[in-house]
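Reviewing the structure listed below.
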2 protein chains.
Amino acid sequence: MAGERSKRVTIYSIAQECGVSASTVSRAFTRPDIVNDDVRERIHAVAKRLGYQPNKAARGLATGRAGMVGLLVPDITNPFFPPLVRAIQQAASVQDWSVLLLDADEVADEETELVEQVRAQVDGLIVASPRSPDADLEDTLGDLPAVVVNRVVAGRPSVVCDNSAALTAAGQHLHQLGHRRFALLRGPEASWAARQRAEAIRGWALAAGVELVELGDFAASYEGGREAAPALLGSDATAAFAFDDLMACGVLAGLAEAGRSVPDDHSLVGCDDVLLAQTVTPSLTTVTAPVGELGTTAIELLHAAMRGEDARQVRLDGTLTLRASTGAVPAGVVSR
Amino acid sequence: MAGERSKRVTIYSIAQECGVSASTVSRAFTRPDIVNDDVRERIHAVAKRLGYQPNKAARGLATGRAGMVGLLVPDITNPFFPPLVRAIQQAASVQDWSVLLLDADEVADEETELVEQVRAQVDGLIVASPRSPDADLEDTLGDLPAVVVNRVVAGRPSVVCDNSAALTAAGQHLHQLGHRRFALLRGPEASWAARQRAEAIRGWALAAGVELVELGDFAASYEGGREAAPALLGSDATAAFAFDDLMACGVLAGLAEAGRSVPDDHSLVGCDDVLLAQTVTPSLTTVTAPVGELGTTAIELLHAAMRGEDARQVRLDGTLTLRASTGAVPAGVVSR
DNA sequence: CTCAAGGTAGCAATCGCTTGCAGTAGATTT
DNA sequence: AAATCTACTGCAAGCGATTGCTACCTTGAG
């Protein structure tokens with residue numbers, strides 16, 4: 001199966017074995033159409049038998065293309081990203097690209113540093129939810145083909161999940177359940193998504209004429225949620241929008257610790273719909289992101305960018321998923 | 001900051017600029033000690049000013065080393081892996097290695113396929129919790145330097161988390177709480193860890209003289225846990241060991257659905273201590289894996305393997321973390 | 001029967017960097 | 001002062017693939 005374990009199989013070994021020149025072997029793989037059918041098949045057969053694998057370094061050197069794309073995430077341990085990584089990886093492999101994963105560990109400077117390090121090594125870059133300011137990003141990216149996920153940067157192709165409609169729907173849902181006083185537990189200022197979500201909720205609250213108190217910023221993490229819980233209790237809101245599911249889980253724990261029940265005392269809405277959202281108790285009402293599409297679109301856009309096409313900005317809609325963390329307000333509380 | 005945006009900076013541009021040969025520039029980077037101090041500094045300064053980044057493809061072609069290691073995981077969306085990925089990544093970057101992430105999507109054949117695809121592209125490979133049978137693995141790995149994480153394969157360096165002691169401690173803990181009838185919710189047969197954990201629990205049960213009923217195999221996932229719950233209810237065990245935290249969470253949900261309470265009706269122990277374990281309600285008593293060490297050790301072993309050293313097999317101990325999912329047996333149940 | 005056109009193959013240069021070997025100049029030894 | 005080191009530096013040959021250009025061999029047309 002693995003073929004002769006001689007030395008190392010190159011196009012030259014194959015050429016010799018087949019009695020043709022190396023160029024022909026090369027072409028048999030890269031432009032099969034221009035080599036004679038018989039010859040091509042003979043070459044492919046021998047290559048398979050010998051277990052030939054083209055040397056990517058050599059090819060990269062000759063063509064200037066590395067066959068590799070970078071994927072920069074702010075924090076791989078944040079459960080939002082693994083599914084995205086997988087989706088992108090699968091979409092990339094269709095294009096015959098390998099994916100170099102880069103984790104910035106949630107620190108903005110690390111992002112630009114990492115980009116600087118890999119820019120010479122990849123053909124393109126996908127930057128997911130970057131924390132760096134636009135200017136820094138633009139600076140380091142330079143002329144490297146890149147697409148941004150979950151953030152809009154002027155002049156760059158991007159694909160974002162638009163949660164506005166779903167958050168509005170969530171608001172309406174809560175309103176119907178009788179809630180009139182809401183809290184917005186804000187995410188990190190550096191996060192584009194946080195600003196976008198906050199904007200959507202503010203817009204809805206204004207239109208619906210309900211009371212909205214903003215709390216935070218809190219970290220986009222379980223810990224951040226734990227910190228947010230007392231703040232929420234200090235307000236008189238009966239329903240809250242957390243920046244994301246992770247934070248919502250922290251809030252859940254914080255409220256439970258304080259002896260409050262969800263959804264009986266408070267209703268809570270998360271965002272992203274990570275696995276956690278359906279496994280916590282109570283399960284979270286949240287906005288489900290179309291992760292698969294996000295990935296395929298990112299690769300598509302990157303492909304376009306590498307061909308020099310104009311930057312396109314795609315927005316995909318999140319959808320509201322109702323679960324157990326939202327319920328009606330106890331009668332006494334509604335009419336104060 | 002980014003330097004002249006002329007064409008592409010190579011060692012030749014720098015050499016010309018500095019009035020030295022390309023070899024000297026090359027050496028100024030790869031073996032700084034053997035080039036004259038003044039010259040070296042001049043070169044470094046110019047390189048920095050021009051924004052020089054060595055071309056990895058060229059270097060790889062010349063040296064035969066790619067400066068890249070592969071990291072194969074069975075399922076990146078399983079929350080056990082992201083922290084491991086990060087740990088490995090950080091350890092790798094110290095060695096100046098990039099990490100190529102490969103996700104097998106939980107299918108064994110995909111693993112061997114992926115290995116085949118990247119073997120020519122990386123200097124070494126880290127295989128985490130592989131699902132393929134030993135023989136297949138050995139076959140595809142061949143002479144590629146590789147280290148296995150969380151599984152022991154004859155003749156290969158490996159680093160595993162040994163949960164035996166911690167699981168035994170968990171058993172004793174439950175025993176002290178009054179439990180006498182236990183269930184083992186087995187993980188997938190293909191998983192080495194599942195077999196190892198099962199063995200440890202069997203050993204303890206035998207030594208402690210308690211009743212142990214084995215259920216499963218179940219999938220190592222939330223869904224698997226949901227399926228395990230009815231089986232657990234069908235047994236008369238009062239305490240259960242789940243294969244991992246994910247499965248334990250599923251069991252938790254299944255029991256809750258059936259109106260059973262943890263830890264009042266049943267006690268439950270997980271394994272791995274993923275983020276989920278502390279966020280579910282009730283939080284999970286589990287075995288905490290030393291993920292960071294796992295990562296650094298893996299890189300260390302890989303380094304050794306690449307130098308041709310003998311395969312070393314390291315085992316690191318997991319530690320028992322007590323949380324809310326284990327409690328005493330209600331008096332009526334203990335003495336039947 | 002000769003010539004042009006098409007379809008295939010081969011030659012050789014090139015991508016950017018590493019490295020064994022040889023050469024040079026100054027320092028040290030005798 | 002001659003001989004021997006030392007410490008650098010440069011030359012040039014690769015590493016394995018791609019690709020523009022040239023050359024060859026058929027065919028078909030004139």
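Here is how names work: the chains are called A, B, and so on, in the same order as the sequence lines, proteins then strands, and each is numbered from 1. Fair warning: this is a prediction, and the values are worked out from it, not measured in the lab.
- Using a 4.0 Å heavy-atom distance criterion, B:Arg31 is classed as making no nucleic acid contact.
- In the interface, the side chain of A:Ser23 is paired with the base of C:dC11 through a donor and an acceptor atom under 3.5 Å apart.
- Nucleic acid contact class of B:Tyr52 (heavy atoms, under 4.0 Å, all strands): sugar-phosphate only.
- For the pair B:Phe29 CZ and C:dT18 P, the computed distance is 9 Å after rounding to whole Å.
- With salt bridges taken as basic N to acidic carboxylate O contacts below 4.0 Å, one links B:Glu106 and B:Arg131.
- Residue A:Arg27 contributes atom CZ, which lies 9 Å from atom C1' of D:dG20 at whole-angstrom precision.
- Per the geometry, CD1 belonging to A:Ile14 stands 15 Å off C1' belonging to D:dT18, to the nearest Å.
- We find that CG of B:Asp37 is positioned 9 Å from P of D:dT9, with the value rounded to whole Å.
- Taking atom CZ of B:Arg65 as the reference point, atom C1' of D:dC15 lies 12 Å away to the nearest angstrom.
- Here the C1' atom of nucleotide C:dA9 and the CG atom of A:Asn36 are 10 Å apart, to the nearest Å.
- Looking at A:Arg65 and A:Asp123, no side-chain N of the basic residue comes within less than 4.0 Å of a carboxylate O on the acidic one, giving no salt bridge.
- In this model, the phosphate group of C:dA9 is not approached by any side-chain N or O of A:Ser21 to a distance below 4.0 Å at OP1 or OP2.
- Contact annotation for B:Val25: no contact, since no heavy-atom pair falls under 4.0 Å across all strands.
- The residue B:Thr63 sits close only to the backbone: its heavy atoms come under 4.0 Å of sugar-phosphate atoms, none of a base.
- Results of the side-chain contact (heavy atoms from CB on, under 4.5 Å) test with A:Trp97 over A:Val69, A:Val122, A:Ile88 single out A:Val69 as the only residue that passes.
- Contact annotation: B:Ser26 does not reach the phosphate of C:dC17 (side-chain N/O to OP1 or OP2, under 4.0 Å).
- Side-chain contact annotation: A:Thr24 with A:Ser21, donor-acceptor N/O pair under 3.5 Å present.
- Comparing B:Thr24 and A:Val20 by the nucleotide of DNA chain C that holds the closest heavy atom to each, the one mapping nearer the 5' end is A:Val20.
- Summary of the strand contacts: B:Leu61 and B:Val39 both lie near DNA chain D, and taking for each the nucleotide with the nearest heavy atom, the more 5' one is attributed to B:Val39.
- In this structure, A:Arg59 atom CZ and D:dT18 atom P are separated by 4 Å, rounded to whole Å.
- With no hydrogens or angles considered, no side-chain donor-acceptor pair links A:Gln90 and B:Asp103 at under 3.5 Å.
- One can place CG of B:Asp38 at 10 Å from P of D:dC8, the figure rounded to the nearest angstrom.
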